[in-house]
Peer 1: 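For reference, the structure I am asking about is given below.
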Amino acid sequence: MTVERARDAKHGDFATNVALRLAKSARRSPRELAQAIVAALPASSLIARAEVAGAGFINFFLTPDAYARELGRIHELGERYGCSALGRGERVVVEFVSANPTGPLHVGHGRQAALGDALSSLLEAQGYQVTREYYYNDAGAQIQNLALSVQARARAVAPGQPGWPKDGYAGEYIQDVAREFRTAQGDIDDLDAVRAFAVAYLRNEQDRDLKEFGLEFDVYSLESSLYRDGSLDAAVAGLIASGKTYESEGALWLRTTEYGDDKDRVVRKSDGSFTYFVPDVAYHVTKWRRGFRKAINVQGSDHHGTIARVRAGLQALSLGIPQGYPEYLLHQMVKVTRGGEEVKISKRAGSYVTLRDLIDWVGRDAVRFFLVSRKADAEFVFDLDLARSRSEDNPVYYVQYAHARVASVMKQLAARGLELDRAAGLASAGLLTGEHEQAVLAALVRYPEVLEQAALNRAPHAVVHYLRELANAFHTYYNAETFIVDDAPLRNARLALVLGVQQVIRNGLGLLGVSAPEGM
RNA sequence: GCGCCCGUAGCUCAGGCGGAUAGAGCAUCGGCCUUCUAAGCCGAGGGUCGCAGGUUCGAGUCCUGCCGGGCGCGCCA
């Protein structure tokens with residue numbers, strides 16, 4: 001049995017199927033039972049009426065007073081409206097982007113950045129204490145490859161020429177790194193120096209892009225630190241101590257199949273080095289040890305194969321870490337299209353489109369809004385033609401425009417020598433009984449629930465869809481009614497209402513990392 | 001072959017722990033600016049919710065099978 005928000009305004013504000021569910025055991029018809037329930041309901045200042053509809057639903061209609069009270073809360077709480085204490089201050093680490101410093105961030109990282117940051121903000125709004133964390137490999141085979149590529153470029157060796165490393169990075173940015181290294185008068189023969197320079201250079205470039213995206217991480221974790229501080233050795237020792245390892249073909253394996261993985265995994269290769277699986281496990285042990293009882297990893301679905309093995313490794317260590325740790329939010333790939341054709345290359349990176357490209361083409365707000373607007377597990381098609389040449393059709397403008405329009409109304413008010421009496425407006429909010437006013441109020445008061453559900457379901461896109469609906473209710477109201485009327489009580493009430501809309505839009509866009517302009 | 005995800009309007013997608021006539025944007029067609037920004041509003045057309053079974057009072061939603069697409073699959077990360 002449920003009580004839920006009615007989908008259709010004709011069905012009131014809330015509906016319950018209680019009579020449908022109980023009809024059988026009560027041996028009465030659903031409608032008859034519903035009538036009896038309605039007749040027995042106590043009076044409430046918040047419920048205007050309850051009526052039986054359809055097969056036996058009971059629909060509840062809220063009183064204008066109920067709405068007026070909620071509007072008052074929006075004004076009272078301001079930017080805190082929509083927040084809750086659901087998380088009770090629990091610490092949670094959200095790991096995302098986590099790109100290795102081997103090149104510019106690509107559009108997939110962009111999706112992850114938009115998704116991870118919005119999810120983090122949502123969790124913060126629900127009372128969690130969130131750490132945004134970025135993990136990267138600064139010492140592995142990929143980094144070696146990067147160093148060799150930069151070294152080759154510094155020696156004026158181009159991709160494909162003799163001396164170019166096997167599977168070297170061919171992007172144009174490698175030339176930039178090589179040139180900067182020479183300018184800094186680095187020793188080209190010192191591969192360690194080249195490596196350190198290249199990693200620092202590209203990390204710095206990534207951070208610039210992330211900053212431009214409005215994103216800052218609290219913690220950067222380096223894979224190399226796991227080797228240095230003993231975490232990795234401890235993890236290996238723990239795995240061996242678990243008795244779940246065995247030697248085969250010269251390598252050390254872990255029976256991850258005992259913990260739900262579909263194949264056993266190699267811990268230590270036959271050449272004595274470790275697979276990436278080991279630092280992954282060691283890294284997640286550090287999350288647990290740092291006190292994070294909740295860890296969420298935002299990753300591309302191409303990494304979904306790692307989930308079972310990381311969890312299996314953590315289970316094998318018997319540290320009391322729950323089976324579902326860490327939690328994963330996977331997102332599907334991003335495909336960029338232009339003229340109906342997939343775009344796979346960019347000047348700077350060569351083989352992929354960069355986050356920077358997207359920001360340059362359509363702006364940060366649109367990239368943020370777009371990339372978070374679809375549920376994570378659906379493939380995303382980013383149509384450059386639509387985003388660029390038809391930028392006025394961008395849904396982000398639709399929402400931002402609603403915000404700017406309210407600002408404009410307030411400017412008009414001042415220009416006419418009038419002032420808003422906010423307290424009077426809230427006191428007379430009971431006057432907001434028009435169809436459009438009720439629709440706006442109904443949309444407005446859903447916000448806290450939307451945030452809670454979006455946070456619990458790890459679904460930031462729900463906020464995007466909500467904001468579009470709220471903006472639609474507002475624009476409709478705007479076109480149908482004049483706010484600045486002579487009747488002062490009504491004028492104040494209407495202005496209090498639209499300021500409430502502006503507040504909620506600002507709050508919602510803020511969670512998504514999108515600006516809320518005063519004018520457009 | 002096995003695993004995860006997706007399949008809803010011409011296109012891009014919401015709805016998905018079961019509920020009432022399946023929604024939005026874009027595109028198409030038709031209306032609305034002497035009045036707070038027309039980046040807006042109103043209306044119309046457009047659907048066997050991939051297919052077939054099953055569970056249920058009720059299935060786009062849950063279960064099974066199949067078809068189509070994406071991603072991944074023992075010492076790469």
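What you see is a predicted model; the values in this text were computed from it and never measured. Values below: all heavy atoms of this structure, side chains included; hydrogens, waters and symmetry mates excluded. Lettering of chains follows the sequences in order, A, B, ..., and the numbering in each one begins at 1.
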Peer 1: Only one of A/Glu435, A/His436, A/Glu437, A/Gln438 passes side-chain hydrogen bond (donor to acceptor under 3.5 Å, both in side chains) with A/Tyr477; say which it is.
Peer 2: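 It is A/Glu437, the one option of A/Glu435, A/His436, A/Glu437, A/Gln438 that forms the side-chain hydrogen bond (donor to acceptor under 3.5 Å, both in side chains) with A/Tyr477.
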Peer 1: Of the nucleotides B/G70, B/G40, B/G74, which one has an atom closest to the side chain of A/Gln332?
Peer 2: B/G70
Peer 1: For A/Thr476, answer base if it contacts any base atom (sugar-phosphate contacts may also be present), sugar-phosphate if it contacts only those atoms, and nothing otherwise; contact means non-hydrogen atoms under 4.0 Å.
Peer 2: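 Since only primed, P, OP1 and OP2 atoms lie under 4.0 Å of A/Thr476, the category is sugar-phosphate.
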Peer 1: Considering only nitrogen or oxygen atoms on both sides, find all protein atoms under 3.5 Å from nucleotides 16-20 of chain B and state each distance.
Peer 2:
residue	atom	partner	partner atom	Å
B/G16	N7	A/Lys375	NZ	3.3
B/G16	O6	A/Lys375	NZ	2.8
B/G19	N7	A/Asn17	ND2	2.9
B/A20	OP2	A/Arg7	NH1	3.4
B/A20	N6	A/Asn59	OD1	2.7
B/A20	N1	A/Asn59	OD1	3.3
B/A20	N1	A/Asn59	ND2	3.2

Peer 1: Look at all strands and tell whether A/Glu469 reaches a base, only sugar-phosphate, or nothing, counting heavy atoms closer than 4.0 Å.
Peer 2: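 No contact.
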Peer 1: Can you say whether a donor on the side chain of A/Asn479 sits under 3.5 Å from an acceptor on the base of B/G40, or the other way round?
Peer 2: yes
Peer 1: Measure the acute angle between the ring planes of A/Phe382 and A/Phe370, then classify it against the limits of 30° and 60° as parallel, tilted or perpendicular.
Peer 2: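 Tilted, since the angle between the ring planes falls between 30° and 60°.
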Peer 1: Between the base of B/G3 and the side chain of A/His304, is one N or O donor paired with an acceptor at under 3.5 angstrom?
Peer 2: yes
Peer 1: Using the side-chain heavy atoms of A/Met333, tell me which of these nucleotides is nearest: B/U12, B/C71, B/A77.
Peer 2: B/C71
Peer 1: Side chain to side chain donor-acceptor pair (under 3.5 Å), that's the test. Do A/Tyr398 and A/Asn472 meet it? Break it down for me.
Peer 2: CA-CA 8 Å; A/Tyr398 184 79; A/Asn472 175 248; 3.1 Å; yes
Peer 1: Apply the side-chain hydrogen bond (donor to acceptor under 3.5 Å, both in side chains) test between A/Asn297 and each candidate in A/His284, A/His303, A/Glu327; give the one that qualifies.
Peer 2: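 So, applying the side-chain hydrogen bond (donor to acceptor under 3.5 Å, both in side chains) to A/Asn297 and each of A/His284, A/His303, A/Glu327, only A/His284 qualifies.
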Peer 1: Students often get this wrong, so: under 4.0 angstrom with heavy atoms, is A/Arg416 touching a base, only sugar-phosphate, or nothing?
Peer 2: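 Sugar-phosphate contact only.
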Peer 1: Looking across every strand, which nucleic acid part, if any, lies under 4.0 Å from A/Thr482 by heavy atom: base, sugar-phosphate, or nothing?
Peer 2: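 Here A/Thr482 touches the bases of the nucleic acid.
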Peer 1: Among B/A14, B/A77, B/C36, which nucleotide sits nearest the side chain of A/Tyr276?
Peer 2: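 Among the listed nucleotides, the one closest to the side chain of A/Tyr276 is B/A77.
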Peer 1: To the nearest Å, how far apart are A/Arg309 CZ and B/G72 P?
Peer 2: 13 Å
Peer 1: What is the nucleic acid contact for A/Ala251, judged by heavy atoms within less than 4.0 Å: base, sugar-phosphate only, or nothing?
Peer 2: base
Peer 1: Glycosidic conformation of B/C67, syn or anti, with 90° from 0 as the boundary?
Peer 2: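 Anti.
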Peer 1: What orientation do A/Tyr135 and A/Tyr283 show, parallel under 30°, tilted 30 to 60°, or perpendicular over 60°?
Peer 2: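 The arrangement is parallel - the two ring planes meet at less than 30°.
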Peer 1: Distance criterion of 3.5 Å, no angle test: do you see the side chain of A/Tyr397 paired donor-to-acceptor with the base of B/A39?
Peer 2: no
Peer 1: Of the nucleotides B/C41, B/C36, B/C13, which one has an atom closest to the side chain of A/His465?
Peer 2: B/C13
Peer 1: When all nucleic acid strands are considered with a 4.0 Å heavy-atom cut-off, which category describes A/Asp302: base, sugar-phosphate, or nothing?
Peer 2: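 The residue A/Asp302 makes sugar-phosphate contact but no base contact.
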Peer 1: Given B/C5, B/A38, B/A77, which nucleotide is nearest the side-chain atoms of A/Asp377?
Peer 2: B/C5
Peer 1: Glycosidic conformation of B/G74, syn or anti, with 90° from 0 as the boundary?
Peer 2: syn
Peer 1: Run through RNA chain B and report every stem of 3 or more consecutive Watson-Crick or G-U pairs, distances under 3.5 Å, ordered by first number.
Peer 2: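 The stems that RNA chain B takes part in, listed by first number, are B:1-7 with B:67-73, B:10-13 with B:23-26, B:28-32 with B:40-44, B:50-54 with B:62-66.
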Peer 1: Give one of base, sugar-phosphate or nothing for A/Asp271, where a contact means two heavy atoms less than 4.0 Å apart.
Peer 2: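 Contact class for A/Asp271: none.
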Peer 1: Looking only at side-chain N and O atoms, does A/Tyr478 come under 4.0 Å of OP1 or OP2 in B/U35?
Peer 2: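 For B/U35, OP1/OP2 do not have a side-chain N/O of A/Tyr478 under 4.0 Å.
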Peer 1: When all nucleic acid strands are considered with a 4.0 Å heavy-atom cut-off, which category describes A/Ala404: base, sugar-phosphate, or nothing?
Peer 2: base
Peer 1: Tell me which of A/Met520 and A/Leu330 sits closer to the 5' end of RNA chain B, going by the nucleotide each one is nearest to.
Peer 2: A/Leu330
Peer 1: Rounded to whole angstrom units, what separation is found between the CZ atom of A/Phe370 and the P atom of B/C11?
Peer 2: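 Rounded to whole Å, this separation is 18 Å.
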Peer 1: Determine the contact category for A/His461: base if any of its heavy atoms lies under 4.0 Å from a base atom, sugar-phosphate if only primed atoms, P, OP1 or OP2 are that close, otherwise nothing.
Peer 2: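 Contact class for A/His461: sugar-phosphate only.
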Peer 1: Anything under 30° is parallel, anything over 60° is perpendicular, the rest tilted; go ahead and classify A/Phe483 against A/Phe474.
Peer 2: tilted
Peer 1: Would you say A/Arg405 places a side-chain N or O within less than 4.0 Å of OP1 or OP2 belonging to B/A38?
Peer 2: yes
Peer 1: Choosing from B/A14, B/C5, B/C36, which nucleotide comes nearest the side chain of A/Val409?
Peer 2: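 The nucleotide sitting nearest to the side chain is B/C36.
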Peer 1: Check every strand shown and say whether A/Asp280 touches a base, only sugar-phosphate, or nothing at a heavy-atom separation below 4.0 Å.
Peer 2: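 The residue A/Asp280 makes no contact with any strand.
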Peer 1: Heavy atoms under 4.0 Å, any strand shown: does A/Gly519 hit a base, just sugar-phosphate, or nothing?
Peer 2: base
